[in-house]
Amino acid sequence: MTVVTRFAPSPTGFLHIGGARTALFNWLYARHHGGRFLLRIEDTDRRRSTDEAVAAIFDGLSWLGLDWDDEPVRQFSRLPSHVEAAHRLLDEGKAYRCYATPEELADMRERAKAEGRRMLYDGRWRDRDPGDAPSGVDPVIRFKAPREGETVVEDAVQGTVRVANGQLDDMVLLRSDGTPTYMLAVVVDDHDMGITHAIRGDDHLNNAFRQTQLFRALGWEAPAYAHIPLIHGADGAKLSKRHGALGVEAYRDMGILPDALANGLLRLGWSHGDDEIIARDQAIEWFDLDRVGRGAARFDLDKLMSLNAHYIQQTKPHALVESIRPHLERAIGKALGSDNTDRLIRAMPGLAPRANNLVSLAESAAFYVAERPIAVDAKAARQLGEDSRSALSELLDVFDALDSWEEDKIEMAVRGFAQAQGAKLGAVAQPLRACLVGKTVSPGIFEVAAVLGREETLDRIRDALGSDE
RNA sequence: GACCCCAUCGUCUAGAGGCCUAGGACAUCAGCCUUUCACGCUGAAGACACGGGUUCGACUCCCGUUGGGGUCGCCA
């Protein structure tokens, strides 16, 4: 049997990390088993569904590297099949028309609540004579759910879960306007799409009972279910906008690499021994449902950042430069020339270990491409006192006389110079950093000088010396 | 409230009855490295929710309690 999984978001907002993780698990499971991963947009709620949300979901999945097979299915377009299934159940006596008004239903819930029972529909139209139907009221079609016995779901993550059928009521299949409800649409679509494994959030576990009953009534086999624990916010409650449940694009904007996010999401609720850093291919090879945990997890940004730092270091210099190019070009107000690009590529090995996200990487790289005279911040300016400046002007001659401009040559020269001056290395290195970088923090200063090139280095020193005179 | 699910360091987790003196990662703290900041390295602190069973032996199995979460729509 070929594995077919699906990700079925409702397009009412961006792709948040909970959805992203659900998609990731479905994708991984399909890829691991050489199966197919399908997409279904659950847009039967016409009021709340938007095209922007659909686009955001596609973008988010693509950015995360979760590619899907076949054309995405628009659930709304499958309405005829849903209606047909509902009518078939009606014909077979497995569903019935219900004329209860919203007010009646609200009353019913009110009473159930007061009496400490579940707030269920009482089935008042279940066996009633259709002749009693009030005129002028469009009925809904309800499923005639079994009242005796229990319904069992064999969940790949949660194990065997059972509920007494008395706890379940006759759900609405078709609304009074003739459109299908989620419960019906999911079942019909999962069947028609040949879904073999439904991997979704824990919040659907209760739905699985009803869906199982529906599958049975329709004479179909339900997919294998796997209800993965939800991701919680810092307060331990289901992630929502209140917790800053961000869309994946927000993480992208924070400078998170998609591989890092995927790795972080994967480790939330799934593990492989003590392994923390799991590359995509490795994840596909290792992923399976039996390693999915059962408790809800909280999302930790610190850990994501640390993972991100790792992935940044794994990324090739030129790719890193490309990913920070937009930031940099915005900062200097023009396109980066090829000379600056080359310089940045040479600078990346020194910069990358210092950054845990692309935004700070871009910020730390900015001085390399800044136009002279570069800005010098207050702390750095303090390094450029009179003594430092005179030392720097002598250093100028030393640099000028160097026969080759390489990191180790520069280092030897500066160390020798400091020693000759009877100064500590820091007394020379820090002022030098101040004029080359404009800040007191940077990669190794000899490396900086080497990457900058002799001419630029000398010019920046001269800028600093000249500015106060 | 009813039903369903869950429960190991602050956080993510390892743990399939003796391998546990409970391991790893992030965060925290200390030290080393060092021209700065990082990276890296070394070390420290830090958890089996509680109570009963079962067993020669429970973090592991069972029951209960407590706590947390989810669901109870003509939303999905």
Side-chain angles (χ1 to χ4, degrees), chain A residues 8-12 42-45 47-49 75 98 100 102 105-106 109 112-121 138-142 153 155 157-159 161-164 166-169 171-177 179-183 185-186 201-209 227 229-230 232 234 236-238 264 267-277 293-307 309 313 350-356 364 383 411 414-415 418 424-434 437 439-446:
Chain A
S10 57
T12 54
E42 309 221 318
D43 56 353
T44 53
D45 184 346
R47 294 201 165 286
R48 299 201 301 152
S49 301
Q75 192 160 55
C98 166
L105 262 18
R109 276 192 278 275
K113 191 171 185 175
E115 291 167 23
R117 289 180 290 109
R118 294 205 71 178
M119 295 178 276
L120 304 174
Y121 170 70
D138 291 327
V140 297
I141 293 179
R142 284 186 185 271
V153 171
D155 193 277
V157 171
Q158 308 292 343
V161 187
R162 51 186 73 221
V163 70
Q167 297 296 332
L168 271 16
D169 62 0
M171 62 189 145
V172 173
L173 263 20
L174 241 38
R175 302 184 185 107
S176 52
D177 65 359
T179 59
T181 59
Y182 159 80
M183 216 59 88
V186 167
D202 221 353
D203 49 345
H204 286 290
L205 185 53
N206 288 288
N207 293 335
F209 297 120
H227 290 93
L230 261 18
H232 283 178
K238 183 179 176 180
R267 284 288 290 104
L268 237 43
W270 180 86
S271 61
H272 184 273
D274 284 338
D275 295 302
E276 297 287 349
I277 290 163
R294 301 204 277 180
R298 299 176 199 210
F299 190 62
D300 184 11
L301 193 59
D302 282 336
K303 190 147 184 172
L304 208 218
M305 283 299 184
S306 125
L307 230 28
Q313 292 195 53
L351 255 16
R354 272 155 241 267
N356 63 9
S364 71
Q383 293 291 333
E411 173 163 3
V414 175
R415 282 185 188 280
K424 281 181 151 171
L425 182 53
V428 179
Q430 280 303 86
L432 181 58
R433 187 187 319 277
V437 181
K439 286 182 279 202
T440 53
V441 171
S442 82
I445 195 60
F446 311 119

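Quick caveat, the model's predicted, so the values are computed rather than measured. In what follows, chains carry the letters A, B, and so on, assigned in the order in which the sequence lines appear, proteins first and then strands, with residues in each chain numbered from 1.
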Donor/acceptor link under 3.5 angstrom from A:N207 side chain onto base of B:rA76: yes
Which whole-number value in Å describes the distance from [X] [atom1] to [N] [atom2]?
X: A:L425; N: B:rU35; atom1: CG; atom2: P; value: 6 Å
X: A:Q167; N: B:rC4; atom1: CD; atom2: C1'; value: 10 Å
X: A:H232; N: B:rG10; atom1: NE2; atom2: C1'; value: 18 Å
X: A:D274; N: B:rC20; atom1: CG; atom2: P; value: 13 Å
X: A:K113; N: B:rG73; atom1: NZ; atom2: C1'; value: 14 Å
X: A:Y121; N: B:rC3; atom1: OH; atom2: P; value: 23 Å

If I compare all heavy atoms of [X] with all of [Y], which pair ends up nearest, and what's the gap?
X: A:R298; Y: A:L268; value: O-CD1, 3.7 Å
X: A:S364; Y: A:L351; value: OG-CG, 3.7 Å
X: A:K424; Y: A:A418; value: O-CB, 4.2 Å
X: A:L105; Y: A:R142; value: CD2-NH2, 3.9 Å
X: A:D202; Y: A:P229; value: OD2-CA, 3.8 Å

So [X], base contact, sugar-phosphate only, or nothing? Heavy-atom distance under 4.0 Å.
X: A:L230; answer: sugar-phosphate
X: A:E276; answer: base
X: A:V140; answer: base
X: A:T179; answer: nothing
X: A:H204; answer: base
X: A:F209; answer: nothing
X: A:A434; answer: nothing

Complement of [N], any strand, by Watson-Crick or G-U distances under 3.5 angstrom:
N: B:rG40; value: B:rC32
N: B:rC50; value: B:rG64
N: B:rC59; value: none

Tabulated below should be each protein N or O lying under 3.5 Å from an N or O of nucleotides 27-32 of chain B; please produce it.
none

side-chain hydrogen bond (donor to acceptor under 3.5 Å, both in side chains) against A:S442, all qualifying residues, sequence neighbours excluded: A:R433
Given A:V161, A:D203, A:L205, the one that forms side-chain contact (heavy atoms from CB on, under 4.5 Å) with A:H227: A:L205
Partner set under salt bridge (Lys or Arg N to Asp or Glu O under 4.0 Å) for A:K303, not counting sequence neighbours: A:E276
Residues forming a salt bridge (Lys or Arg N to Asp or Glu O under 4.0 Å) with A:R118, sequence neighbours excluded: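 Residues passing salt bridge (Lys or Arg N to Asp or Glu O under 4.0 Å) with A:R118: none at all.
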Contact nearer the 5' end of RNA chain B, comparing A:D43 with A:S271: A:S271
Restricting to nitrogen or oxygen on both sides, can you table the protein-nucleotides 5-7 of chain B pairs closer than 3.5 Å?
{"unit_1": "B:rC5", "atom_1": "O3'", "unit_2": "A:Q158", "atom_2": "OE1", "d": "3.3"}
{"unit_1": "B:rC5", "atom_1": "O2'", "unit_2": "A:Q158", "atom_2": "OE1", "d": "3.3"}
{"unit_1": "B:rC6", "atom_1": "OP1", "unit_2": "A:R294", "atom_2": "NH1", "d": "2.8"}

Per-nucleotide protein contact string for nucleotides 37-46 of chain B, where B marks a base within reach and S marks sugar-phosphate only (heavy atoms under 4.0 Å, - for neither): BBS-------
